[in-house]
*Asks:* 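Attaching a single structure in structure tokens format; questions to follow.
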Protein chains: 4
Amino acid sequence: MSDPKQRLLETASGLFYRQGYHATGINQVIAEAGVARASLYLHYESKESLLLAFLQQRHTDWMEGLKTFTGKASKPRERILAAFDYLQDNNEREDFRGCAFLNILSETTDQDTAILRVIQDHKKDVRAFLADILTKEKQLVQDHVYLLFESAIVESQLYRNQWPVQEAKKVVGGLL
Amino acid sequence: MSDPKQRLLETASGLFYRQGYHATGINQVIAEAGVARASLYLHYESKESLLLAFLQQRHTDWMEGLKTFTGKASKPRERILAAFDYLQDNNEREDFRGCAFLNILSETTDQDTAILRVIQDHKKDVRAFLADILTKEKQLVQDHVYLLFESAIVESQLYRNQWPVQEAKKVVGGLL
Amino acid sequence: MSDPKQRLLETASGLFYRQGYHATGINQVIAEAGVARASLYLHYESKESLLLAFLQQRHTDWMEGLKTFTGKASKPRERILAAFDYLQDNNEREDFRGCAFLNILSETTDQDTAILRVIQDHKKDVRAFLADILTKEKQLVQDHVYLLFESAIVESQLYRNQWPVQEAKKVVGGLL
Amino acid sequence: MSDPKQRLLETASGLFYRQGYHATGINQVIAEAGVARASLYLHYESKESLLLAFLQQRHTDWMEGLKTFTGKASKPRERILAAFDYLQDNNEREDFRGCAFLNILSETTDQDTAILRVIQDHKKDVRAFLADILTKEKQLVQDHVYLLFESAIVESQLYRNQWPVQEAKKVVGGLL
DNA sequence: GATGAATGAGTCTTCATTCAT
DNA sequence: GATGAATGAAGACTCATTCAT
């Protein structure tokens, strides 16, 4: 809590996630983190590197949460359904702000290669994670589930409502 | 081409779509539109109202494109598949920038009620449009198709690749 | 009421008086007057000339009011005291905004000769008016009354209170 | 001289006093102070807070000057008359720009509570200062002197002339 | 006489970053 | 390791004025 670097990351993470990257200014970050302006540049070489740190940390945390939720079951079908429960849980805890990576993606152009890679890597991991649970299924089914998983996230953010998660879960339940 | 208001809208639309809303400054808009600063505020009362105009125009245009594509077929199944062709066509024409509405959604908080409404209304229209084609299907199937349609857009933006559209289309083809 | 020139003058007068000259923009004037922007420049060659028109009109109206109030009495002493009643009446009607001329004077530099002259002429008229009532008094007494009259205006604006008028009136009452 | 914060305050003070608050732009302030635009906002959170700083500083300086002048005499009557000499001295040194507080008052509406308070507090202090010298006099006499003191300031600004100070001083001299 | 469109220069304020201490 | 001061560029927006219709 009193480590400036960590405090900066946590503050920036919350702001980047809730307000977006460009809508968040350095001033707000340092003010809310209670850190001197120059200290930010002591620990992170630029605003963008702070963004990268956020995404990397978020990746770790999010995957951990996913594993925790899916770890409660053992059969593939139940584990996949538990993944949708994770989404529902996220929506409640984070007020339907959706996927941090897809949100940043929207603010990203092809020039931002470093950021783009982190985002894509995250999603590849998610896709691989689901596919790993569904090794017995054909790839088309694996993709099918992944695509429904993704739209469950996006659409519940859009409507500020859990119905897309619930519908997607229902569909997937019928599928497997 | 020489109507300043139209030129402003077209320029801003391109920039908002390609770079995002917050990453686009008024200066860039007026410079590329070749219009005086104050002229922007003569036609649009604020940057946000320019964004709203963009989204409204985009809604009209995009739905029209969707109707054109789906209008080429008559049977529900073929019309739905044609909708996915539309996505593929968009990706090529617009360089995988994805959905203008979902991109802006990422930069939007709950405070931005007017913007949020336009975005949600657009998606409700899309959902209703697809459901209308699938009136003979159960609602779960309708939602199923809608969710795959949405993730096809998002995921092809993410990977800068058409595979999500193609996979989604294949899945839907098997479904109907 | 429907004469644009008159409407412009009345609107600008209110705004200049209540908000000050520099704090009042052309936009607000034309918006509240319900007149096209260019129409303003049809009737007044500049914002400054609108200000001049305001001051001239105000001079006429204000002196008329002063004459009305003082006209109710006939003896010099009573007429002077009535002048102070006029100030109190103004304060109530105009919410303690003080003297329009002195207020504009504060926003005026030595370069603004035309404006400065109108302001000084107004005050010279006021001074002469009071002196005319007090022709039997020495000049020092005349000035004395004038100075108290002026500070009654300024100080009641400052404190948003009638006490300076009342005190000044009491002093003058004892004097004459 | 090389402290930017002080230089900003001095520059702004001069401009606010000579030109008025609204007529003075941030650009002019930073240009004449030789300071970067953002540096202004490092030291003062807004243009208005710069104005407040000006008024507070001015209050201190002005009262000190008043005390210095009145301190030269010991008898109440002489001290009061010295106060009028202070006004005359101000007029000469500052080219008849009058009272900084009353000038800003003219640009102030009831909404600007912070500014209004500083102005009123200044004048209350002036009034109390004069009253303190005249403790032996009745309150009406104290107010009488205060009102003449105030109009001496205002009217000499108006006419760009010392006569109002001299006349007021003469009157007060006869009074005490 | 009246107007909507257009503008260059200006408004106040914040941006992300660097530097001397 | 930490910081307050400093900055050039940019942010969104408004100014008073003119011109073609």
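Any value given below was found using the heavy atoms of this structure, including those in side chains, with hydrogens, waters and symmetry copies removed.
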*Asks:* E:dC12 P sits how many Å from D:Leu15 CG, rounded?
*Replies:* 12 Å
*Asks:* So B:Ile26, base contact, sugar-phosphate only, or nothing? Heavy-atom distance under 4.0 Å.
*Replies:*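 If one applies the 4.0 Å heavy-atom cut-off, B:Ile26 turns out to touch the sugar-phosphate alone, with no base involved.
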*Asks:* Could you state the CD1-P distance from B:Ile30 to E:dA9, rounded to the nearest angstrom?
*Replies:* 12 Å
*Asks:* Check this one for me: any side-chain N or O of C:His22 less than 4.0 Å away from OP1 or OP2 of E:dT11?
*Replies:* no
*Asks:* When the axes are fitted on five pairs at both termini, how much does the helix from E:dA2-F:dT21 to E:dT21-F:dA2 curve, in 10° steps?
*Replies:*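 Result, rounded to 10 degrees: 10°.
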*Asks:* Side chains of C:Asn27 and C:Arg37 only: does a donor on one sit below 3.5 Å from an acceptor on the other?
*Replies:*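 Yes, because at least one side-chain N or O of C:Asn27 sits under 3.5 Å from a partner of the opposite role on C:Arg37.
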*Asks:* Between atom CD1 of C:Ile104 and atom NE2 of C:His22, what is the distance when rounded to the nearest 0.5 Å?
*Replies:* 9.0 Å
*Asks:* For a quick test of reading the model: is some side-chain N or O of D:His43 closer than 4.0 Å to OP1 or OP2 of F:dA6?
*Replies:*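 Yes, D:His43 has a side-chain N/O under 4.0 Å of OP1/OP2 on F:dA6.
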*Asks:* What's the CG-C1' distance between D:Leu8 and F:dA5, to the nearest Å?
*Replies:*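 Going from D:Leu8 (CG) to F:dA5 (C1'), I get 12 Å.
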*Asks:* Would A:Arg18 and A:Glu32 pass as an ion pair if we require N to O under 4.0 Å?
*Replies:* no
*Asks:* How far does CG of C:Leu40 sit from CG of C:Leu8, to the nearest 0.5 angstrom?
*Replies:* 5.0 Å
*Asks:* Please confirm whether the shortest side-chain N or O distance from D:Ser39 to OP1 or OP2 of F:dA5 is below 4.0 Å.
*Replies:* no
*Asks:* Want to settle it: does A:Ala38 or D:Ala36 sit nearer the 5' end of DNA chain F, counting the closest nucleotide to each?
*Replies:*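 Comparing both residues, the 5'-ward one is A:Ala38.
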*Asks:* Whole Å only: how far is the OH atom of A:Tyr44 from the P atom of F:dG1?
*Replies:* 14 Å
*Asks:* Nearest heavy atom decides the nucleotide; on that basis, is B:Val35 or D:Arg37 closer to the 5' end of DNA chain E?
*Replies:*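 The residue mapped nearer the 5' terminus is B:Val35.
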*Asks:* In whole angstrom, what separates C:Leu42's CG from F:dT18's P?
*Replies:*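 It works out to 13 Å between those atoms.
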*Asks:* What integer distance in Å separates A:Lys5:NZ from F:dT3:P?
*Replies:* 15 Å
*Asks:* B:Leu40 has an atom CG; how far is it from atom P of F:dG11, in whole Å?
*Replies:* 13 Å
*Asks:* Would you please say whether a donor-acceptor pair under 3.5 Å links the side chains of D:Gln19 and D:Thr24?
*Replies:*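 Present: a donor and an acceptor within the cut-off.
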*Asks:* Once you round it to whole Å, what is the distance between P of E:dT13 and NZ of B:Lys47?
*Replies:*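 Nearest whole value for this atom pair: 19 Å.
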*Asks:* Does D:Gly34 or C:Glu48 map to a spot on DNA chain F nearer the 5' end, using the closest nucleotide for each?
*Replies:* D:Gly34
*Asks:* Hey, which sits more toward the 5' end of DNA chain E by its nearest nucleotide, D:Asn27 or A:Ser46?
*Replies:*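 Between the two, 5'-proximity favours D:Asn27.
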*Asks:* Provide the closest heavy-atom pair for C:Lys47 versus C:Tyr21 in the form atom of the first, atom of the second, distance.
*Replies:*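 Scanning both residues, the minimum pair turns out to be NZ-O, 3.1 Å.
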*Asks:* Just N and O in the side chain of D:Tyr41: are any of them under 4.0 Å from OP1 or OP2 of E:dT13?
*Replies:*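 Checking D:Tyr41 against E:dT13: at least one side-chain N or O falls below 4.0 Å of OP1 or OP2.
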*Asks:* Once you round to the nearest 0.5 Å, how far does CG of A:Leu51 lie from OH of A:Tyr44?
*Replies:*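 Output value for this atom pair is 11.5 Å.
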